[in-house]
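The sequence lines fix the lettering, A, B, ..., with proteins before strands; numbering per chain opens at 1. Every value quoted in this text rests on a predicted model; they were computed, and no experiment measured them.
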Number of protein chains: 2
Amino acid sequence: MPDLTVRQQQIVDFIQLRQEQEGICPSRAEIADHFGFRSRNAVNEHLRLIRQKGFIGETEGKMRALKLITPLQRHRQKVANIPIFGSIPAGFAQAKVQEAKGCVSIDIGTLGITPTPGTFALEVRGDSMIGKHIMDGDIVVLEQGVNPKSGEVVAALIDNESTLKTFLLNRGKPFLRAENPKYPDLIPAQELVIQGVFRALIRRAAG
Amino acid sequence: MPDLTVRQQQIVDFIQLRQEQEGICPSRAEIADHFGFRSRNAVNEHLRLIRQKGFIGETEGKMRALKLITPLQRHRQKVANIPIFGSIPAGFAQAKVQEAKGCVSIDIGTLGITPTPGTFALEVRGDSMIGKHIMDGDIVVLEQGVNPKSGEVVAALIDNESTLKTFLLNRGKPFLRAENPKYPDLIPAQELVIQGVFRALIRRAAG
DNA sequence: GGAGATACTGTTCATTTAGACAGTATGCCA
DNA sequence: TGGCATACTGTCTAAATGAACAGTATCTCC
């Protein structure tokens, strides 16, 4: 793929910026305005060359429809938007989106799963799962409504609060275990509500 | 915010789907086509009501410029695209984007930092940083070209391969330490190339 | 110095598109 | 039964827009 000239790169950058910021592709007139061109055809000519070099897809006739093809874009995957809940109330299934405290946006390739409407995220509080290398402040992505396998990490509702535990089957009986010697070992999972199964984790550097 | 009718929600969903898949907002004619309307004004009427209810922003006169305002969108932040390198060659700064093996897309709020052109990602190999709860297979986001503080995790080029280590200052002298008793303790960091400083981590559930 | 590419100005034209007007059918609620 | 909102069909218009044509200046490379 041949390289773009400085001007051409500037135009590609501007289109990308606008698409990210506004969610709308700029028209040729708007591009001309931004660069101070008095003729829209200057933009036209640039776009023709950029398209010829393969950095813009074909969208003949359509308006505000420039499809950028950047090197990273070729690797880019669909981005999922997962709601973050502070703590999950009992009546969870009904009113979800309204109570979201935030939103994690991450591509599904990195996430490793295709999110469903039952996918949600929690911020980890405490170090009860430090043995599984899940730290205080981590954001965990969970899947609601699936049956956990033995050894998987789950979020369970204990004392009206979501807590992460390892789910274990011991002679057919489900148990929950905290991965930290400071916490009691096995909790019968008979009447506990499993809110979600661990799927992914995101951690920010401290500080 | 009043609720949308079923049809109105279908239209909002379709617009969102198209914007995510194509990167381009559908025109009224395309929406009419998709739903089998013989009149574009059916779409027009729906959009008017959706806008009135506050689920679409004002973009008068602009074409293909419907701005969706979904509940999650209100929390949504700018998504950064970070290249993944398998291993970082010595001539790093020059040719970056070309050699990317993949791309992590994640919103900057969750990531915790605003990415720069020097931000990149690596997949962790081995368990040399298990003491800092960084596991084999994790994806770490690093910042290139910044000076690490003592105690921060860094990627260093050792034997032509990137390895994660803890960066330490011992009486003014920089050292690298592996966070696993199996590995040698302190390595003088005099002539080592620090490729990046740890900023964030993403982990997928095993299996 | 000349050829060719880039980087524009200025203009015209056909198409796409949003927005408005007029009218019909259907279901719901009082 | 009447009123009202939703959910459409059908038509028209003006503005936004992409695309094309003609022409100029500058730069690099040969």
Measure NZ/A:Lys62 against C1'/C:dA14 and give the value in whole Å, please.
19 Å
Testing the basics here: between B:Ala65 and B:Thr59, what is the closest heavy-atom pair and its distance to 0.1 Å?
O-OG1, 2.8 Å
Any A:Thr5 side-chain N or O less than 4.0 Å from OP1/OP2 of C:dA5
no
Does C:dA7 have its OP1 or OP2 closer than 4.0 Å to a side-chain nitrogen or oxygen of A:His46?
yes
From CD1 of B:Ile15 over to C1' of C:dT17, roughly how many Å is that when rounded to an integer?
15 Å
Worked check of salt bridge (charged side-chain N to carboxylate O under 4.0 Å, His left out) between A:Glu123 and A:Arg125
CA-CA 6 Å; A:Glu123 188 169 344; A:Arg125 280 173 297 189; over 6 Å; no
Using atom CD1 of A:Ile50 as one end and atom P of C:dA5 as the other, report the distance to the nearest whole Å.
17 Å
Grab the CG-C1' distance between B:Asp33 and C:dT16 for me, whole Å please.
13 Å
Closest-nucleotide 5' rank along DNA chain D - winner of B:Ser39 and B:Met63:
B:Ser39
Give the B/S/- string for nucleotides 22-30 of chain D, one per nucleotide from 5' to 3', where a protein heavy atom under 4.0 Å of the base yields B, of only the sugar-phosphate yields S, and otherwise -.
B--------
Report the distance from atom CD1 of B:Ile24 to atom P of C:dT16, rounded to the nearest whole Å.
15 Å
Measure the acute angle between the ring planes of B:Phe14 and B:Phe35, then classify it against the limits of 30° and 60° as parallel, tilted or perpendicular.
perpendicular
Check against side-chain contact (heavy atoms from CB on, under 4.5 Å), A:Thr110 and B:Ile139:
CA-CA 8 Å; A:Thr110 305; B:Ile139 291 169; 4.0 Å; yes
Please state whether the phosphate of D:dT17, meaning OP1 or OP2, lies under 4.0 angstrom from any side-chain nitrogen or oxygen of A:Arg28.
no
Tell me which of B:Gly61 and A:Val43 sits closer to the 5' end of DNA chain C, going by the nucleotide each one is nearest to.
A:Val43
With salt bridge (charged side-chain N to carboxylate O under 4.0 Å, His left out) as the test, would you mind laying out the steps for B:Glu60 and B:Lys62 before giving the verdict?
CA-CA 6 Å; B:Glu60 230 177 55; B:Lys62 286 186 183 170; over 6 Å; no
Looking at the base of D:dA19, is there any donor atom on it, or on the side chain of A:Asn44, that sits under 3.5 Å from an acceptor on the other one?
yes
Taking all non-hydrogen atoms of both residues, which atom of B:Lys53 and which atom of B:Asp3 are closest, and how far apart?
NZ-O, 3.1 Å
Salt bridge (Lys or Arg N to Asp or Glu O under 4.0 Å) filter on A:Lys67, not counting sequence neighbours, yields B:Glu22
Taking it one step at a time, do B:Arg64 and B:Glu30 satisfy salt bridge (charged side-chain N to carboxylate O under 4.0 Å, His left out)?
CA-CA 10 Å; B:Arg64 290 181 182 274; B:Glu30 286 169 358; 2.9 Å; yes
Under 4.0 angstrom, heavy atoms only, what part of the nucleic acid is A:Arg64 near: base, sugar-phosphate, or nothing?
sugar-phosphate
What integer distance in Å separates B:Gln8:CD from D:dA5:C1'?
10 Å
With nearest nucleotides of DNA chain C determined for B:Arg48 and A:Phe37 from heavy-atom distances, which residue corresponds to the more 5′ nucleotide?
A:Phe37
Computed from five pairs at either end and rounded to 10 degrees, the angle between the axes of the helix from C:dG1-D:dC30 to C:dA30-D:dT1 is 30°
With respect to the phosphate group of D:dT9, does any side-chain polar atom (N or O) of B:Arg40 fall under 4.0 Å of OP1 or OP2?
no
Separation of C:dT11 P from A:Glu45 CD (nearest whole Å):
18 Å
I need the CG-C1' distance between B:Leu49 and C:dG19, as an integer number of Å.
14 Å
Do B:Leu122 and B:Ile84 have side chains that get closer than 4.5 Å, going by heavy atoms?
no
Kindly give the heavy-atom pair with the smallest separation between A:Thr166 and A:Gly151, and that separation in Å.
CG2-O, 3.7 Å
